[in-house]
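Worksheet: the structure to be examined is printed underneath.
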Amino acid sequence: QLQAFGGGLVQAGGSLRLSCAASRFLFRINTMGWFHQAPGKQRDVVATITTGSTTNYTNSVRGRFTISRDNAKNTVYLQMSSLKTEDTGVYYCNKWPATPSWGKGTKVTVSS
């Protein structure tokens with residue numbers, strides 16, 4: 001019910017836009033989040049957005065990433081700019097707080 005798209009290989013300083021389609025049931029009533037799992041590390045939330053589009057970011061991405069949602073399309077987006085090598089990893093979306101059921105993530109690789 002959750003599938004992220006838009007990852008790829010990008011040079012440091014570049015940009016990517018991720019998208020994630022969710023089921024209408026999950027999307028409409030929940031705060032949604034984007035999560036980052038760097039190689040060999042745990043999965044951490046990096047950005048959240050409420051149903052009213054109030055956003056919150058972890059310090060590591062604030063000012064560089066922008067989360068948004070399209071309620072008509074049940075889709076949440078993550079615009080990633082000024083990418084750094086430490087942004088490399090797999091990105092997932094889920095409700096926040098996250099459910100134990102994770103969909104397919106999308107891999108982002110930032111080269112130096």
Side-chain angles (χ1 to χ4, degrees):
Q1 294 186 346
L2 293 164
Q3 187 166 3
F5 301 91
L9 174 64
V10 62
Q11 286 190 327
S15 299
L16 281 174
R17 188 191 193 209
L18 308 183
S19 62
C20 178
S23 69
R24 181 178 185 276
F25 174 78
L26 180 69
F27 190 86
R28 293 297 177 95
I29 62 172
N30 286 299
T31 294
M32 298 298 295
W34 280 98
F35 302 78
H36 172 226
Q37 186 165 22
K41 296 189 177 181
Q42 69 179 20
R43 192 175 303 171
D44 293 320
V45 62
V46 296
T48 61
I49 184 166
T50 68
T51 55
S53 294
T54 297
T55 59
N56 198 13
Y57 301 92
T58 190
N59 288 338
S60 62
V61 307
R62 186 174 290 113
R64 300 189 298 120
F65 291 9
T66 301
I67 187 172
S68 61
R69 64 192 292 161
D70 185 333
N71 291 332
K73 296 181 179 180
N74 300 326
T75 300
V76 60
Y77 303 96
L78 188 68
Q79 178 67 47
M80 310 165 70
S81 303
S82 302
L83 282 161
K84 304 177 180 180
T85 55
E86 51 263 45
D87 296 322
T88 292
V90 180
Y91 286 78
Y92 301 84
C93 74
N94 204 332
K95 64 179 288 289
W96 175 256
T99 68
S101 177
W102 293 89
K104 184 178 179 180
T106 188
K107 186 175 181 180
V108 172
T109 302
V110 184
S111 64
S112 59

Quiz item: What pair of heavy atoms forms the shortest contact from Q79 to S15, and how long is it?
Solution: NE2-CB, 4.0 Å

Quiz prompt | Between CG on residue N94 and OG1 on residue T48, distance to nearest 0.5 Å | solution = 12.5 Å

Quiz item: Do T58 side-chain atoms and V61 backbone N/O form a donor-acceptor pair below 3.5 Å?
Solution: no

Quiz item: Taking the side chain from R28 and the backbone from N71, do they hold a donor-acceptor pair closer than 3.5 Å?
Solution: yes

Quiz item: What's the shortest heavy-atom distance between N56 and R62, and which atoms?
Solution: OD1-NH2, 3.9 Å

Quiz item: When the aromatic ring centroids of W102 and F35 are compared, is their separation below 6.0 Å?
Solution: yes

Quiz item: Going from OG1 on T109 to CG on L16, what distance comes out if it is rounded to the nearest 0.5 angstrom?
Solution: 9.5 Å

Quiz item: Is a donor on one side and an acceptor on the other found under 3.5 Å between the side chain of D70 and the backbone of A72?
Solution: yes

Self-check item: Test side-chain contact (heavy atoms from CB on, under 4.5 Å) applied to C93 and T75, L78, V76, the passing residue
Solution: V76

Exercise. Please name the pair of heavy atoms, one in Y91 and one in L18, separated by the smallest distance, quoted to 0.1 Å.
Key: CB-CD1, 3.6 Å

Self-check item: Closest approach of D87 to V110 (non-hydrogen atoms, all atoms of both residues)
Solution: CB-CG2, 4.2 Å

Quiz item: Ignoring hydrogens and geometry, is there a side-chain-to-backbone donor-acceptor pair from T50 to T31 under 3.5 Å?
Solution: no

Quiz item: Do W34 side-chain atoms and Y77 backbone N/O form a donor-acceptor pair below 3.5 Å?
Solution: yes

Quiz item: Of the non-hydrogen atoms in I49 and R69, which two are nearest, and what is the gap between them?
Solution: O-NH1, 3.2 Å

Quiz prompt | Minimum heavy-atom distance between A22 and M32, given as atom pair plus value | solution = CB-CE, 4.3 Å

